[in-house]
There are 2 protein chains.
Amino acid sequence: MPLRLYSWLANVDGMSTEPFGVLADPARRRILDLLRERPRLAGELTAAVGLSQPGTSKHLRVLREAGLVTVRPEAQRRWYELRPEPLAEIDAWLTPYRWMWAGRFDALERHLDAMEDE
Amino acid sequence: MPLRLYSWLANVDGMSTEPFGVLADPARRRILDLLRERPRLAGELTAAVGLSQPGTSKHLRVLREAGLVTVRPEAQRRWYELRPEPLAEIDAWLTPYRWMWAGRFDALERHLDAMEDE
DNA sequence: CCTGAATATGCCCTTGCGGTTATATAGCTG
DNA sequence: CAGCTATATAACCGCAAGGGCATATTCAGG
């Protein structure tokens with residue numbers, strides 16, 4: 001039985017893991033930031049994040065399954081490319097909050113001011 | 001020794017927990033969404049998220065320590081109020097990505113199109 | 001005071017995550 | 001084919017996160 005490894009294309013439809021959880025890890029944010037500039041090899045990313053090769057590979061898997069990166073094989077190398085679409089979900093969640101912190105009279109300030117009055 | 005409980009004001013300077021991790025939990029996002037409309041009592045929030053009272057209370061603690069909510073005691077009640085400022089950090093991280101998913105020729109599409117050509 | 005209401009903490013348990021090392025797979029290259 | 005390179009998986013581990021229940025604290029009201 002041929003035991004298909006390298007089954008990335010399995011969840012192309014993806015959206016499995018939700019993007020908020022994926023971004024919770026700083027290493028994964030780091031990887032995305034690096035890919036923002038240009039596609040990179042898995043090896044480059046491993047060196048950049050400062051984790052072991054398998055450790056980095058697992059983060060890459062999470063990013064793939066969340067649809068945040070795509071992979072292009074080239075011989076034994078793997079070119080990872082950014083796919084920012086899922087970030088739109090976070091952006092959408094953030095939207096109704098965005099006007100709020102623009103120079104408003106902060107709730108915490110109000111709170112502390114109120115305390116001084118006592 | 002007076003063993004000060006209710007030590008919320010301890011980390012007013014806060015920023016301890018980072019906002020990405022805090023938002024990773026759907027219950028906490030739910031709470032923030034509810035507080036977007038108006039301040040609410042802890043009890044209201046408990047009912048809304050559908051967790052046990054202590055469970056909700058723990059999420060509220062995390063939100064407090066991240067500076068995402070403030071509390072105003074009123075007798076035994078606690079009014080929780082949204083404090084969106086820490087979300088600015090997420091917004092800032094997202095900013096350099098935001099232009100990318102606006103009607104671009106998606107990397108995944110490119111990838112699949114390329115596969116068809118074979 | 002005593003009781004009940006509202007909420008926070010302590011404790012326990014289970015699960016999942018992130019990390020590491022060892023191993024498997026795939027594809028060059030001699 | 002043998003060996004080397006690049007990368008993914010497997011197996012394992014420690015720890016923190018999230019959930020529940022029991023308990024403590026604070027306060028209002030009879």
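These figures come from a predicted structure and were not determined experimentally. Within every chain, numbering begins at 1; the chains are lettered A, B, ... in the order of the sequence lines, protein sequences first and strands thereafter.
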Measure the distance from CZ on A/Arg78 to P on C/dT25 and round it to the nearest whole Å. 15 Å

Within this structure, what is the CZ-to-C1' distance between A/Phe20 and C/dC17, rounded to whole angstrom? 20 Å

Side chain A/Arg30, main chain A/Ala48, donor-acceptor under 3.5 Å: yes

Starting the side chain at C-beta, find the nucleotide from C/dT9, C/dC28, C/dA22 nearest to A/Ala75. C/dC28

As a test of reading the structure: which of C/dT9, D/dT7, D/dA8 is closest to the side chain of A/Ser57, going by heavy atoms? D/dA8

Using modelled atom types only, decide if a donor and an acceptor are shared between the side chain of A/Arg64 and the backbone of A/Val71 within a distance under 3.5 Å. no

Should A/Arg61 be listed as having a side-chain N or O under 4.0 Å from OP1 or OP2 of D/dA8? no

Is the A/Trp93 to A/Tyr97 ring centre distance short of 6.0 Å? yes

Between P of D/dG19 and NZ of B/Lys58, the distance in whole Å: 9 Å

May I ask you to evaluate whether A/Arg28 reaches the phosphate of C/dG18, defined as a side-chain N or O under 4.0 Å from OP1 or OP2? yes

Between the base of D/dA6 and the side chain of A/Gln53, is there any donor-acceptor pair under 3.5 Å? no

Taking every heavy atom of A/Val49 against every heavy atom of A/Ala27, the minimum-distance pair comes out as CG1-O, 4.1 Å

Which comes earlier along DNA chain C counting from the 5' end, the contact point of A/Gln76 or that of A/Ser52, where each point is its nearest nucleotide? A/Ser52

Contact class for A/Gly55 (heavy atom, under 4.0 Å): base, sugar-phosphate, or nothing? base

Establish, with yes or no, whether the OP1 or OP2 oxygen of C/dA6 is under 4.0 angstrom from a side-chain nitrogen or oxygen of B/Tyr80. no

Atom pair distance, as rounded to whole Å: CZ in A/Arg72 and P in D/dA6: 17 Å

Whole angstrom is fine here: how far is it from NE2 in A/His59 over to P in C/dC17? 12 Å

D/dG18 P sits how many Å from B/Arg29 CZ, rounded? 12 Å

Between B/Arg36 and B/Asp33, does any side-chain N to carboxylate O distance fall below 4.0 Å? yes

A/Pro54 side-chain proximity, nearest of D/dT9, C/dT7, D/dG19: D/dT9

Here the distance between atom C1' of C/dC17 and atom CD of A/Glu18, to the nearest Å, is 15 Å

In whole angstrom, what separates B/Glu74's CD from C/dA5's P? 18 Å

